[in-house]
Student: 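Handing you this structure, nothing more for now.
Sequence lines set the chain letters: A, B, ... in the order given, protein chains first and strands last, and positions in each chain run from 1.
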Amino acid sequence: MGRGQLSFAALPRSFFDRPSHEVAPDLLGRVLAHGSVAVRLTEVEAYGGPGEDPAAHTYRGRTPRNAVMFGPPGHLYVYFTYGMHFCANLVCLPDGFGSAVLLRAGEVVEGLAEARARRSNGKPLADRDLARGPARLAVALGLMREHNGLDTIMEGSPLGRPRQSATMLEGVPADPSSIRSGPRTGISTAKEVPWRFWIDGDPTVSPYRAHVPRRRNAAATSVGEAPSS
DNA sequence: GGCTGGATTCACT
DNA sequence: GTGAATCCAGCCA
């Protein structure tokens with residue numbers, strides 16, 4: 001994808017008016033454009049919804065942090081984690097439900113130079129790694145705390161008109177036969193729920209890593225403990 | 001008010 | 001493969 005704006009039509013809000021685990025696979029191959037950078041989604045995870053999902057931020061009810069997830073569909077839910085990273089989600093289901101799809105990885109298809117400038121600190125970086133991982137994707141797109149709650153739905157076609165700040169575009173939906181699903185990455189609960197979806201064989205899909213509990217005070221826990229196998 | 005753990009990434013071995 | 005970095009939401013006393 002070269003210079004100039006992508007000419008895909010915008011996704012309608014009704015696209016997101018479904019449970020996140022139904023929206024998630026349909027998002028693969030779609031394009032999220034923010035400013036001059038656009039990313040084709042290759043890996044996503046579904047969270048929350050009508051059924052209780054203990055791994056979702058909405059599990060314990062509405063809070064100031066997760067309020068956007070309970071809002072109207074098609075908006076961005078951006079949260080801060082691990083003291084240094086932002087992750088972006090797209091809100092699903094109508095107002096009042098807490099549900100969203102985490103954007104885990106994608107391919108930068110527009111604004112490559114801009115994305116590279118944001119991601120690399122003067123070090124060489126392969127194109128496939130620009131948005132390979134949820135925090136990396138957020139950086140490549142320039143998404144931060146201030147973009148929490150941003151609407152990505154553009155009523156009508158964006159053709160011939162400037163995009164709004166963030167816009168979900170149709171893109172080219174992934175071939176259903178190439179979509180795989182499995183357990184979600186890095187969570188400590190509900191590990192068995194296969195709500196991670198990715199495009200099989202795509203080089204921009206991030207490697208799966210199981211949750212590893214962190215030790216805050218290694219010195220305090222290393223004395224007298226049996227060696228772990 | 002203190003404590004814990006986290007939807008991660010990167011450098012280093 | 002392992003561990004550090006670093007801030008904050010949520011829980012509990």
Student: Provide the full list of side chain to side chain donor-acceptor pair (under 3.5 Å) pairs with a residue in residues 169-178 of chain A, sequence neighbours left out, each pair given once.
Tutor: A:Asp175-A:Ser177
Student: Any side-chain N or O of A:Arg132 under 4.0 Å from OP1/OP2 of B:dC10?
Tutor: no
Student: In which ranges does DNA chain B form stems of 3 or more consecutive Watson-Crick or G-U pairs, distances under 3.5 Å?
Tutor: B:1-6 with C:7-12, B:8-12 with C:1-5
Student: With sequence neighbours left out, which residue pairs that include part of residues 127-136 of chain A fulfil the side chain to side chain donor-acceptor pair (under 3.5 Å) condition?
Tutor: A:Arg116-A:Asp127, A:Asp129-A:Arg132
Student: Are any protein N/O atoms closer than 3.5 Å to N/O atoms in nucleotides 11-13 of chain B? If there are, list each pair with its distance.
Tutor:
residue	atom	partner	partner atom	Å
B:dA11	OP1	A:Lys123	NZ	3.1

Student: Where along residues 194-208 of chain A does a heavy atom fall under 4.0 Å from DNA chain C?
Tutor: none
Student: Mind jotting down which residue pairs meet the salt bridge (Lys or Arg N to Asp or Glu O under 4.0 Å) criterion with at least one end in residues 25-43 of chain A? Sequence neighbours excluded, please.
Tutor: A:Arg18-A:Asp26, A:Arg40-A:Glu107, A:Arg40-A:Asp202, A:Glu43-A:Arg104, A:Glu43-A:Arg196
Student: Under a single-linkage rule joining Ile, Leu, Val, Met, Phe, Trp and Tyr whose side-chain heavy atoms are separated by less than 4.5 Å, which residues share a cluster with A:Ile187?
Tutor: A:Tyr47, A:Val68, A:Met69, A:Tyr77, A:Tyr79, A:Val91, A:Leu102
Student: For A:Met144, what residues pass the side-chain contact (heavy atoms from CB on, under 4.5 Å) criterion, not counting sequence neighbours?
Tutor: A:Phe86, A:Glu146, A:His147
Student: Going by heavy atoms closer than 4.0 Å, what residues in residues 77-87 of chain A are next to DNA chain C?
Tutor: A:Phe80, A:Tyr82, A:Gly83, A:Met84
Student: Ignoring backbone atoms, test whether A:His57 places a side-chain nitrogen or oxygen under 4.0 Å from the OP1 or OP2 oxygen of B:dA7.
Tutor: yes
Student: Check which hydrophobic residues are tied to A:Phe97 through side-chain heavy-atom contacts below 4.5 Å, counting indirect links as well, and list them.
Tutor: A:Leu93
Student: Applying side chain to side chain donor-acceptor pair (under 3.5 Å), name anything that partners A:Arg180, two or more places apart in sequence or on another chain.
Tutor: A:Asp200
Student: Hey, can you pull the residues of residues 91-104 of chain A with a non-hydrogen atom under 4.0 angstrom from DNA chain C?
Tutor: none
Student: Under 4.0 Å, counting only non-hydrogen atoms across every strand here, what does A:His211 touch: a base, just sugar-phosphate, or nothing?
Tutor: sugar-phosphate
